[in-house]
Amino acid sequence: MFVSDCRRDFYDVIVNQALFQCDHVQYTLVPVSGWQELETAFLEHKDQIKLLIKQDDDLDVPAYDDIFRDEEDEEEDSENESDGSEPSEKRRRFEEDVIERTMKRRQRREWEARRREILFDYEQYEYHGTSSAMVMFDLAWIMSKDLNDMLWWAIVGLTDQWVQDKITQMKYVTDIGILQRHVSRHNHRNEDEENSLSIDCMRIAFEYDLRLALYQHWSLYESLCNTSYTSASLKLWSVQGQKRLQEFLADMGLPLKQVKQKFNSMDMSLKENLREMIEESANKFGMKDLRVQTFSIHFGFKNKFSASDIVYATVSLMENVEKEGPETTNFIKALDSLSRGNLDKLHQGLDLAKKQLRAIQQTVASCICTNLVISQGPFLYCSLMEGTPDVKLFSKPVSLCLLSKYLLKSFVCSTKNKRCKLLPLIMAAPMDVEQGTVIMVGIPPETESSDKKNFFGRAFEKAADSTNSRTLHNHFDMSIIELKTEDRSKFLDALISLLS
């Protein structure tokens, strides 16, 4: 039995499934969306659960002695201080123990200082390391059971971290290099296989591609308008930004009619050198990072997808707000879309992703133009009101996180206040109107040197405790919380005081 978080990096699940199927192992998959469901799943299936960790694994968990002090040591110190002996005996014992007591006090001060430092690093921040899908693929490789499908799922898991801005650019490039070597090995291994040219063949390729969301399944114009990087760089929420977009297209020499039709329908003569044309013009307009290292996959001769296409599709399927049964239904659909035999579900996810990206960019433009992003001192704050278009979509955690990251990037590009450019962002959106709750997320500052550490999880806990705010810390990502609407003001006041 294994448990999966149905709202975060779940690509390791399908790698696990493939490994179990290789060994004909029976298993139970239980999707969970938070700590409460995890506890329930554990109680229901605890007889089936086994935790496998090697004894020499370095889990970066602080040592017991660095965090806890045994009660016996405390009692011994207190007994020595309160012992009811004769005055002369007390003086003699004091003279004998004075050095030892001094050393103990010094050791305790050093221990407390070390403990504070460890807890600060361990508790204050949340950040993401290697993708769990990559870890599972590495395990499959060591066991000589790695398949092309598993490698692709590991690639998508890494790309998910990059798309959602969970890892640094350096970490992404490093892991891309590791996966590129595996891709070369697999492609070389499959060269002589009979099915390498069949209609069902699957081939992964490393490439430098454009940092444009879903552009091969959309129009180039729509992709430019709804990609966070280009939208923020050109400031497309403004009239001047729209003018710059027209100048950018003119500089490339692309007719507007061609740019606004589906990418697959564009003239082949234009598509042949399209990437080079876009990169050259992008550099003139200050978009020097429009090219990115990535992977693509070919299914047969027709279907080609980039790794980011899969990420956008699966996220949209998981957070589809149209009710079609239990919440786990979305998880199963997203999981099925990763199989090459379910391309119809993948295309459904791509359609949903386009709607999601449009909604995000329209909301970003609205927030910027109506000055909804305000400085609260130590952080920026933005709150979506009930009745805002597509607000229901942003009651979902991943969608709200994507919106928050895109909004912060756009705000940094639009503001002239240098101090605000260095601030983190807290964003809130209505979650359940009947219960009177909002969902709130904290995003670290948008800086090139950012190490992606997120301190809001711990800050949210402390602010809630100090004000008795009614909050629910149910998400595995501790920087996402649910809060009673009427407690929001005092909660934010406590955060301002705490972070100032």
Side-chain angles (χ1 to χ4, degrees), residues 1-6 8-25 27 29 31 50-54 56-60 127-164 166-168 170-191 193 201-207 292-299 305-315 318 331 334-342 346 476:
M1 179 262 186
F2 65 103
V3 179
S4 171
D5 175 6
C6 64
R8 296 182 71 187
D9 177 11
F10 76 121
Y11 305 99
D12 62 323
V13 174
I14 197 165
V15 182
N16 268 311
Q17 287 181 311
L19 280 173
F20 287 150
Q21 289 165 7
C22 284
D23 291 337
H24 306 288
V25 175
Y27 63 89
L29 171 62
K50 292 182 180 179
L51 181 62
L52 303 178
I53 301 178
K54 292 190 297 183
D56 58 347
D57 275 351
D58 180 11
L59 301 179
D60 293 328
Y127 56 97
H128 304 261
T130 303
S131 162
S132 55
M134 280 190 66
V135 173
M136 293 310 302
F137 173 77
D138 195 44
L139 174 62
W141 175 50
I142 292 171
M143 297 167 64
S144 299
K145 294 181 180 179
D146 54 316
L147 303 173
N148 236 16
D149 293 274
M150 295 181 187
L151 176 55
W152 176 243
W153 298 325
I155 289 169
V156 176
L158 170 63
T159 308
D160 176 83
Q161 289 188 311
W162 179 74
V163 166
Q164 298 195 44
K166 294 177 180 176
I167 54 175
T168 63
M170 181 61 71
K171 172 66 174 170
Y172 174 72
V173 171
T174 301
D175 286 352
I176 281 284
I178 295 171
L179 290 171
Q180 187 180 357
R181 291 191 288 272
H182 284 297
V183 168
S184 299
R185 177 174 58 84
H186 272 251
N187 287 343
H188 179 72
R189 186 173 70 182
N190 294 336
E191 279 178 357
E193 292 186 4
C201 74
M202 167 183 172
R203 184 173 179 83
I204 303 172
F206 169 81
E207 60 186 18
V292 63
Q293 299 178 53
T294 186
F295 295 91
S296 63
I297 192 167
H298 294 258
F299 295 130
F305 305 93
S306 72
S308 60
D309 293 340
I310 309 298
V311 171
Y312 286 119
T314 52
V315 166
M318 274 200 296
F331 175 84
L335 199 61
D336 287 345
S337 72
L338 294 174
S339 171
R340 55 175 126 167
N342 290 313
L346 180 57
F476 294 117

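Since this is a predicted model, take the numbers as computed values, not measurements.
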Are F295 and I176 close enough, and set up right, to give a side-chain contact (heavy atoms from CB on, under 4.5 Å), and what steps lead you there? CA-CA 9 Å; F295 295 91; I176 281 284; 3.4 Å; yes
With side-chain contact (heavy atoms from CB on, under 4.5 Å) as the test, would you mind laying out the steps for S337 and N342 before giving the verdict? CA-CA 6 Å; S337 72; N342 290 313; 5.7 Å; no
Dump the intermediate steps for ring-ring contact (aromatic ring centres under 6.0 Å, His included) on H298 and F305, then the final yes or no. CA-CA 7 Å; H298 294 258; F305 305 93; 9.5 Å; no
Could you walk me through whether W162 and V292 pass side-chain contact (heavy atoms from CB on, under 4.5 Å), step by step? CA-CA 11 Å; W162 179 74; V292 63; 3.7 Å; yes
Could you please spell out the steps behind the side-chain contact (heavy atoms from CB on, under 4.5 Å) verdict for D138 and I178? CA-CA 10 Å; D138 195 44; I178 295 171; over 6 Å; no
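If you take NZ on K145 and CG on L139, they are separated by 9.0 Å, rounding to the nearest 0.5 Å. Note that the CD1 atom of I155 and the OG atom of S296 stand 9.0 Å from one another [nearest 0.5 Å]. Expressed to the nearest 0.5 Å, how far CG of L151 lies from CD1 of I204 amounts to 4.0 Å.
Tested against T314 for a side chain to side chain contact (heavy atoms under 4.5 Å, CB included), the candidates L346, L335, L338, D309 yield a single pass: L338.
Nearest heavy-atom pair across W153 and A18 is CZ3-CB, 4.0 Å. In terms of heavy atoms, M150 sits closest to A140 at SD-CB, 3.7 Å. Across every non-hydrogen atom of A133 and G157, the tightest pair is CB-CA, 4.2 Å. The shortest non-hydrogen separation linking P31 to L29 is CD-O, 3.7 Å. What you find for F137 and A154 is that their closest heavy atoms are CB-CB, 3.8 Å.
Partners of Y312 by ring pair (Phe, Tyr, Trp, His ring centres under 6.0 Å), not counting sequence neighbours: none found. For D146, the side chain to side chain donor-acceptor pair (under 3.5 Å) partners at least two apart in sequence or on another chain are R185, H186.
Here the side chains of F206 and Q293 are in contact, with some heavy-atom distance below 4.5 Å. Proximity of V156 to V311: side-chain heavy atoms (C-beta onward) are separated by under 4.5 Å at one or more points. No side-chain heavy atom of F299 sits under 4.5 Å from any side-chain heavy atom of R203. Annotation: side chain of D160 is in contact with side chain of V315 (closest heavy-atom distance under 4.5 Å). Proximity of Q161 to Y172: side-chain heavy atoms (C-beta onward) are nowhere separated by under 4.5 Å.
No side-chain N or O of D336 forms a donor-acceptor pair with one of S339 less than 3.5 Å apart.
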